Amino acid sequence: MLSGRRIVLGVSGGVAAYKAAYLARRLVEVGATVRSVMTESAVHFLGAQTLAAVTGHHPVGGFWDEAEVSPHTDLGQWADAMVIAPATAATMAKLATGLSDNVLIATALATEAPLVVAPAMHTEMWENPATQRNVRTLLDDGVTIVGPLSGALAGGDSGPGRMVEPEDILTALTEVLSGSSTEASVRDMDGYAVLVTAGGTREPIDPVRYIGNRSSGKMGNAIAGEAARRGAQVSLITTAAPPSGAAIEVVRVETAQQMADATWERAGEVDFAVMAAAVADFRPRQAEDIKLRRGDGLPVIDVEPTPDILAGIAAMENRPYLVGFAAETGSMEGALRKATEKGVDLLVGNDVTRAGSGFATDTNEVTVYAPSGESDRWPLLSKREVARRLWDRILEDRKPG
Ligand code: CTP
């Protein structure tokens, strides 16, 4: 897929720039033509001569000393895809706002080719709200962000912020080049019926209060939207706003009981059920008809269990292919246990305490478990990309024979 493709490699100034040379070499090895563009600070970390030797072309390093009159538009128009690796916090901020005060950003702005960005920075910088805001903006703009991973960082620190490995970037480039594929052409779910639960349930205490959770419904929306784009007939049972622009049957519910009723009613007729909702495990035994008053003293709220929607489907005779989710905090042992004990075909676990993972974010870092306990950890990806990979994995798993 990368053979014969024209890739612009943008390198910004971080320690991970040393990996950019290896990335360039791998791209050349798989048959791509690579031209590169470096920021001024990148040159402190990686010699321009190194990239020139690996790619066969001198990297562009500025607007003024180049052979081309307009190096950024020249490169931008030439590219089949552009990748920025590593992308520092500053580069991401400039990209998110369109501040093209260096030739790398100007190239990224001047290209209509798909853009892949591989962030690399210290954990504090990655987790900073400004960086996370820029990540969201870039995702909204259609940029593919790969990583960062958690691991050893410069200066002996450890945590999220480590650039993904060059092979992951090759995969991301292959995916963006193979398609616009997800937009229109891949209809590999034609004829399938899919059920997705999404959002967090609300269990009423009184007319104004409820027991709830932080789920935003974004992961379930991405899964439902992706299945619809790929041709499936989709029912989304959700407590949250559904995705826009997708042909989906949406059933809005509020409580676990309503979600259970709507889900069980449809589960016998679908091929796949993906339980992405965060369902309350208990609810007030009795919801008060009128508001509890402060003056009446501290209430005691007696709770009872809610129906286990997933267990209901797992116990069905002709059950659909069943995917469970597990939102864990800290250790992932609970996810492994759920994968082996809940009667699912696949379980998607994530640690909601990690930056960029879990509730209300646009990204997620998940580990996918088979019932055998075998697991596959994916890097931090947009929820859309997680949804895409999840359907790829489910369809692969489901293949007859
Ligand atoms: N689930 C469900 N109905 C419930 C509770 C959970 O269908 N009443 C589904 C969720 O949608 C998810 C999976 O079950 O796909 C696991 O949910 P989770 O809350 O992580 O599991 P629990 O068994 O409640 O485990 P724990 O409370 O120990 O984390």
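Note that these values count all heavy atoms, side chains included, but never hydrogens, waters or copies made by symmetry. Values in this document were obtained by computation on a predicted structure and should not be read as measured data. Whatever order the structure lists ligands and atoms in, that order sets their numbers, starting from 1.
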Practice problem: Going by the side chain to side chain contact (heavy atoms under 4.5 Å, CB included) test, name the single residue among L236, I248, V196 that passes it with N221. | Solution: L236

Quiz item: Does at least one non-hydrogen atom of K342 fall below 4.0 angstrom from an atom of ligand 1?
Solution: yes

Quiz item: Any idea which protein heavy atom is nearest atom 6 (C) of ligand 1, and the distance to it?
Solution: V279 CB, 4.0 Å

Quiz item: When only distance counts, is M275 in polar contact with ligand 1, meaning an N/O pair under 3.5 Å?
Solution: yes

Exercise. Check the side chains of E124 and N128 for a donor-acceptor pair under 3.5 angstrom, ignoring hydrogens and angles.
Key: no

Quiz item: How long is the gap from CG on L310 to CG on D308, to the nearest 0.5 Å?
Solution: 6.0 Å

Quiz item: Between N102 and T39, is any side-chain donor less than 3.5 angstrom from a side-chain acceptor?
Solution: no

Self-check item: Polar contact flag for A277 and ligand 1 (N/O pairs, less than 3.5 Å)
Solution: yes

Quiz item: Can an N or O of F325 be found at a distance shorter than 3.5 Å from an N or O of ligand 1?
Solution: yes

Exercise. Can you sort out which atoms of ligand 1 are near T306, meaning under 4.0 Å from one of its heavy atoms?
Key: 8 (N)

Quiz item: When you measure from atom 18 (P) of ligand 1 to every protein heavy atom, which one gives the shortest distance, and what is it?
Solution: K338 NZ, 3.7 Å

Quiz item: For ligand 1, is there an N or O atom under 3.5 Å from any N or O atom of D281?
Solution: yes

Exercise. State the CD-CG distance between E374 and L336, to the nearest 0.5 angstrom.
Key: 11.0 Å

Exercise. Determine whether the side chains of T263 and E265 contain a donor N or O and an acceptor N or O closer than 3.5 Å.
Key: no

Quiz item: Is the centre of the F272 ring less than 6.0 Å from the centre of the Y192 ring?
Solution: yes

Practice problem: With rounding to the nearest 0.5 Å, note down the distance linking CZ in R6 to CG in D80. | Solution: 5.0 Å

Quiz item: So which heavy atom in the protein is nearest atom 28 (O) of ligand 1, and how far is it from that ligand atom?
Solution: R337 NH2, 3.7 Å

Quiz item: Do ligand 1 and P307 have nitrogen or oxygen atoms that lie under 3.5 Å from each other?
Solution: yes

Quiz prompt | Polar proximity ligand 1 side, G324 side, N/O cut 3.5 Å exclusive | solution = no

Quiz item: For V323, is at least one N or O under 3.5 Å away from an N or O on ligand 1?
Solution: no

Exercise. Apply the side chain to side chain contact (heavy atoms under 4.5 Å, CB included) test between L173 and each candidate in L27, T144, L9; give the one that qualifies.
Key: L27

Quiz item: If you count the atoms of ligand 1 from 1 in the order shown, which ones are under 4.0 Å from a heavy atom of L310?
Solution: 2 (C), 7 (O), 9 (C), 13 (C), 14 (O), 15 (O)

Practice problem: Can you measure from OG1 (T111) to CG (L115) and round to the nearest 0.5 angstrom? | Solution: 8.0 Å

Exercise. Between D308 and ligand 1, find which residue part has any heavy-atom pair under 4.0 Å and reply side chain, backbone, both or neither.
Key: both

Quiz item: Nearest protein heavy atom to atom 3 (N) of ligand 1, by residue and atom, and its distance?
Solution: I309 N, 3.0 Å

